[in-house]
Amino acid sequence: QVQLVESGGGLVQSGGSLRLSCAASGRTFSSYVMGWFRQAPGKEREFVAAIGGSFGITNYADSLRGRFTISRDNAKNTVYLQMNSLKPEDTAVYYCAAKRTAIASPSRYEYPYWGQGTQVTVSS
């Protein structure tokens, strides 16, 4: 089992950048696929990005590719989400998630482990 703690959220102006971090417990972090999801008020939780374990193969929501970058540091048990050119519509609670199987899936139902979320607010 893995426990996840997100950090790095906050208030930023439109066009700005933020980097989210997700620290994971446990000694087998590199064997987990890590994902980022977000949920805006009144909307369903949606896929943002995911990254594989050992080889770091990435997968992005098409609408966010080019602005958001997911990365991981297995030595630090941490996954990151670099968000650039932020827009008001990026405002949401951002969640980190983990799963053991190999594919960097966009389906939230495949991720059994979740963090508590971190709020990102982009002002216009």
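Note that this is a predicted model, so its numbers are computed, not measured.
When hydrophobic clusters are built by joining Ile, Leu, Val, Met, Phe, Trp and Tyr residues whose side-chain heavy atoms come closer than 4.5 Å, directly or via intermediates, Tyr111 is grouped together with Val93. Two different hydrophobic clusters hold Leu4 and Trp114 under the rule that ILVMFWY side chains link at heavy-atom gaps under 4.5 Å. Cluster membership for Ile51 and Met83, using ILVMFWY side-chain heavy atoms within less than 4.5 angstrom, is shared.
Without hydrogens or angle criteria, Gln116 side chain to Val5 main chain gives no donor-acceptor distance under 3.5 Å. In terms of modelled atom types and a separation under 3.5 Å, the side chain of Asn59 and the main chain of Ala104 share a donor-acceptor contact. No side-chain donor-acceptor contact under 3.5 Å links Thr118 to the backbone of Ser7. At distances below 3.5 Å, not a single donor-acceptor pair connects side-chain atoms of Lys87 with backbone N or O atoms of Thr91.
With 3.5 Å as the limit, one finds a donor-acceptor pair spanning the side chains of Asn84 and Ser17. There is no side-chain donor-acceptor pair under 3.5 Å between Gln13 and Ser123.
The cationic group of Arg72 does not satisfy the cation-pi geometry with Tyr32, failing either the under 6.0 Å distance to the six-membered ring centre or the 45° limit from the ring axis. Geometrically, Arg19 engages Tyr80 in a cation-pi contact, judged by NZ or CZ lying under 6.0 Å from the ring centre and within 45° of the ring axis. A cation-pi contact, defined as under 6.0 Å to the ring centre and within 45° of the axis, links Arg45 to Tyr95.
Taking the side chain as every heavy atom from C-beta outward, Leu81 and Thr69 never approach each other to under 4.5 Å. Using a 4.5 Å heavy-atom cutoff, the side chains of Thr78 and Cys22 are not in contact. Side-chain contact between Asn77 and Arg27: absent, with no pair of heavy atoms (C-beta onward) separated by less than 4.5 Å.
Shortest non-hydrogen contact noted between Pro112 and Lys99 is CD-CB, 3.7 Å. Shortest non-hydrogen contact noted between Ala24 and Val2 is CB-CG2, 3.7 Å. Of all heavy-atom pairs spanning Arg67 and Leu86, the tightest one is NH1-CA, 3.8 Å. Closest approach of Ala92 and Gln119 over heavy atoms only: O-NE2, 3.4 Å. Heavy atoms only, all atoms of each residue included: Val79 and Cys96 are closest at CG1-SG, 3.9 Å. A pairwise comparison of heavy atoms in Ser107 and Ser105 identifies N-OG, 3.0 Å as the closest pair.
Sparse packing is recorded around CD1 of Ile103, with 12 or fewer heavy atoms of other residues, nucleotides or ligands lying under 6.0 Å away.
Atom CG of Leu64 is separated from atom CD1 of Ile70 by 11.5 Å, given to the nearest 0.5 angstrom. From Asp73, atom CG reaches atom OG of Ser30 across 11.5 Å, with rounding to the nearest 0.5 Å.
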Kindly indicate, with the supporting measurements, whether the criterion salt bridge (Lys or Arg N to Asp or Glu O under 4.0 Å) is fulfilled by Glu44 and Arg108.
-> CA-CA 10 Å; Glu44 290 194 357; Arg108 67 182 188 269; 3.7 Å; yes

What do the steps show when you test Tyr94 against Gln39 for side chain to side chain contact (heavy atoms under 4.5 Å, CB included), and what is the final call?
-> CA-CA 7 Å; Tyr94 283 72; Gln39 188 167 17; over 6 Å; no

Checking side chain to side chain contact (heavy atoms under 4.5 Å, CB included) for the pair Gln82/Ser71: CA distance, chi angles, key distance, verdict?
-> CA-CA 8 Å; Gln82 178 68 42; Ser71 62; over 6 Å; no

Begin from the C-alpha positions of Val120 and Leu20 and carry the test side chain to side chain contact (heavy atoms under 4.5 Å, CB included) through to its verdict.
-> CA-CA 9 Å; Val120 171; Leu20 305 182; 4.0 Å; yes

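For Phe47 and Tyr60, the gap between ring centers reaches or exceeds 6.0 Å. No close placement of the Phe68 and Trp36 rings is indicated, their centers lying 6.0 Å or farther apart.
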